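Read through the structure below, which is laid out as structure tokens, and then see the notes.
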Amino acid sequence: MKSMLMAAAAVAVLAAVGPSAAQGQARAAAAPAGRPTAADAKAFVDNAEAQLEKANAFAARAAWVRANFITVDTQWLEAKASAEQNELATRLAKEAARFDGVQTDPVTARKLKLLKLYIVSPAPDRPGAADELANLLTKLDSTYSTGKFDFKGKPITLNDAEDVLAKSRDPAELKTVWEGWHNTARVMKSDYQQFARLSNEGAVSLGYKDTGALWRSNYDMEPDAFAAETDRVWKQVEPFYKNLHCYVRARLNEKYGDAVQPRTGPIRADLLGNMWAQQWGNIYDVVQPKGIASSYDLDKLLVEKGYDPVKMVKTGEAFYSSLGFAPLPETFWERSLITRPRDREVVCHASAWDIDDQDDIRIKMCTKVNADDFRTVHHELGHNYYQRAYKNQPVLFRGAANDGFHEAIGDFAALSASTPTYLQQIGLLETVPGTQEDIPFLLKMALDKIAFLPFGLLVDRWRWQVFSGETTPNEYNSDWWKLRLQYQGLTPPAERPADAFDPGAKYHVPGNTPYTRYFLAHIYQFQFHRAACKQAGWKGPLHRCSVYDQKEMGRKFNAMMELGQSQPWPETLKVFTGETRTDASAVADYFKPLNTWLVQQNKGERCGW
Ligand code: X8Z
Ligand code: ZN
């Protein structure tokens, strides 16, 4: 597999036996003589895997080169390789349907299923369609990645704009920069519309209702059941999110006054310290609890202790080494992109790559020395260690149990790596604060982890609606803001222009990366953390636990990762946690003291929006 953010990612699917055995036998009985056998099916998947491996090796390198050096020529090369890969995978997915109902061994049955889910956006098989789709995707991703707008008389990048959103406390400036970035996405709307049309046509040709149904079919259950699962889990955490929203809104109101942020209703999206208001940790200074100071600030510690981007990545590697993982290969250091180059355009959105499905693992990120990127480094390395763990699986099983697992590995590591105990162990922090700082610590964590949940859900709610046709191109932006209001309780700083395409201002939309995976990951990482701490014999509160140096736990974690997508994800979850469902009770356990505290703080407020 290639980048964790590429359009054509291998993914996990339904239980080992596809159609029920009874259905299969019924069809087999009615089938004419000469129908394919189990041996034919096995030969087909073996051959399919060999072809995919070859196409992936080529497409991954073309994609890497384009993402590290965006020019017309590299875009052309990437689009050509990606179109060929898409054509191949889509053709194989169709051929796989020939074996529907054939009684194969369970491994072959699972591989046939996975083959039909291999491509995020399959191409229609008319001449030229795969090329058109690939060109649109390369162009959308490149337009996003090279986007700039004028601020204070000079063009600025998203990286610069993110710094302003994180640090400025001037509402007029925040609004200008927020609008500046969001308006860069307007040019993408018609390409996105055409992309959605083509992708849907491809998905329908594979037997899915639309592209959204294809994406929802990746979780070892029926697509409708999966949508219902995400609703169920959201309902588990929604009350907590609403408590946090209520508390933060009150502090913003105190800081900025009624004219900027009213005490009731939605929160202005540009005031939360992040371009998409998806993580709010950057405004901790504005919302910190009165009378309980936090004795340290990770942003400052990293700078004071002289961290640079490479040292951040080395520190991340050392955390994984402490769990018993082998060091990263020399080529990781030679080939990764760790800082933003000055002389060329690159895709700065962080990603982890597995170029040859073996040892050529790399990251690509424009690392800044701050707390956000300290966590992102652990996040990206988590992808690489997962990729390495499942490299000996057959091609179609080289992937996460489900895509939420892939996103959760590194975040799980970062939960331990964010504890003051660990920061002290690696010399970043002098003394570990006592329990009086639990609320400040948990509030910081919740500003990132709990604030994220509704955003993690709504990005694909919007795309599911676009793909199903429920949201028409005229409604792209208004429906986006309906969902932003409904789930996050947010509003734009001012009315949006008629031609705005605000979903396009979030990387994963032009980057065509499904997003529900991050919602799931924000649940799974706490399930992993709770199980890991239990294995390590931890008896204290969950948020104080760090599994640094726990080699036996690390071995068991790696054993789960080695399974790749060889079996349905609930079985893989069970291997490490003993649990078989996505379950937010671990989130509740971790944050329990904070939720209680928030409820007290919110007394007298009119929560909700
Ligand atoms: O895209 C990412 C990673 C790469 S897989 C940096 N994340 C999501 C985002 O930035 O929107 C991690 C958290 C959510
Ligand atoms: Zn990721």
Side-chain angles (χ1 to χ4, degrees), residues 1-7 9 11 63 67 120 141 144-145 158-159 161-162 165-166 181 272-282 309 312-313 316 336-338 340 346-354 361-368 370-387 399-415 418 445 447-460 462-463 484 488 502-526 528 561:
M1 186 166 48
K2 310 119 294 277
S3 137
M4 277 323 299
L5 280 165
M6 276 184 57
V11 276
V120 171
D141 192 85
Y144 180 95
S145 300
L158 172 60
N159 274 174
E162 285 186 278
L165 263 289
W181 174 251
L272 290 158
N274 171 280
M275 187 59 80
W276 310 276
Q278 65 180 64
Q279 282 131 349
W280 305 347
N282 290 324
M312 303 248 291
V313 184
S336 289
L337 180 94
I338 294 179
R340 186 184 194 113
V346 302
V347 177
C348 265
H349 189 89
S351 54
W353 298 61
D354 178 2
I361 46 181
R362 315 173 186 177
I363 60 167
K364 188 177 62 53
M365 62 183 281
C366 302
T367 317
K368 299 179 194 169
N370 62 31
D372 271 352
D373 275 359
F374 185 75
R375 282 184 289 271
T376 303
V377 160
H378 291 79
H379 175 95
E380 295 309 330
L381 292 182
H383 287 309
N384 281 154
Y385 287 103
Y386 204 172
Q387 288 159 340
N402 71 41
D403 54 7
F405 280 57
H406 230 310
E407 301 304 334
I409 305 296
D411 282 11
F412 153 70
L415 285 178
S418 301
M445 294 301 282
L447 289 170
D448 285 334
K449 302 292 183 185
I450 303 303
F452 181 80
L453 291 162
F455 187 74
L457 203 62
L458 78 83
V459 175
D460 279 354
W462 180 81
R463 280 191 289 204
R484 296 269 273 167
Q488 285 183 290
D502 295 335
K506 175 65 198 165
Y507 177 73
H508 302 67
V509 173
N512 198 33
T513 306
Y515 209 82
T516 309
R517 58 182 64 178
Y518 301 105
F519 172 77
L520 298 173
H522 276 67
I523 309 294
Y524 295 148
Q525 62 188 266
F526 290 97
F528 293 157
M561 295 202 296

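From a predicted model like this one, the values you see are computed outputs, not experimental measurements. Whatever order the structure lists ligands and atoms in, that order sets their numbers, starting from 1. Because only heavy atoms are used, hydrogens play no part in the values below, and waters and symmetry mates are left out as well, while side chains stay in.
Residue contact check: E380 has heavy atoms under 4.0 Å from atoms 3 (C), 4 (C), 6 (C) of ligand 1. Ligand 1 places these atoms under 4.0 Å from at least one heavy atom of A350: 4 (C), 6 (C). For ligand 1, the atoms sitting less than 4.0 Å from at least one non-hydrogen atom of H383 are 5 (S), numbered in the order shown with element in parentheses.
Between K506 and ligand 1, at least one N/O pair is under 3.5 Å apart. Remark: ligand 1 and S351 share no N or O pair separated by less than 3.5 Å (distance only, no angle test). Below 3.5 Å of separation, one finds an N or O of Q278 facing an N or O of ligand 1. Considering backbone and side-chain N/O atoms, H508 comes within less than 3.5 Å of an N/O atom of ligand 1.
H378 is linked by a side-chain hydrogen bond (donor to acceptor under 3.5 Å, both in side chains) to nothing, counting only residues two or more places apart in sequence or in another chain.
For atom 11 (O) of ligand 1, the choice among F452, Y518, Y515, Y507 with the nearest heavy atom turns out to be Y515.
Between E407 and ligand 1 there is a heavy-atom distance shorter than 4.0 Å.
In this structure, H349 and Y507 have parallel ring planes: the angle between them is below the 30° cut-off, well short of the 60° mark. Ring orientation note: the planes of F455 and Y515 are nearly perpendicular, at an angle over 60° on the 30°/60° scale.
A donor and an acceptor atom, one from each side chain of Y518 and H508, are located under 3.5 Å apart. No side-chain donor from either of Q387 and D354 sits under 3.5 Å from a side-chain acceptor of the other.
Taking the Zn ion (ligand 2) as the corner point, the angle from E407 atom OE1 to H379 atom NE2 is about 90° (rounded to 10 degrees).
Side chain of E380 to backbone of T376: no donor-acceptor contact under 3.5 angstrom is found.
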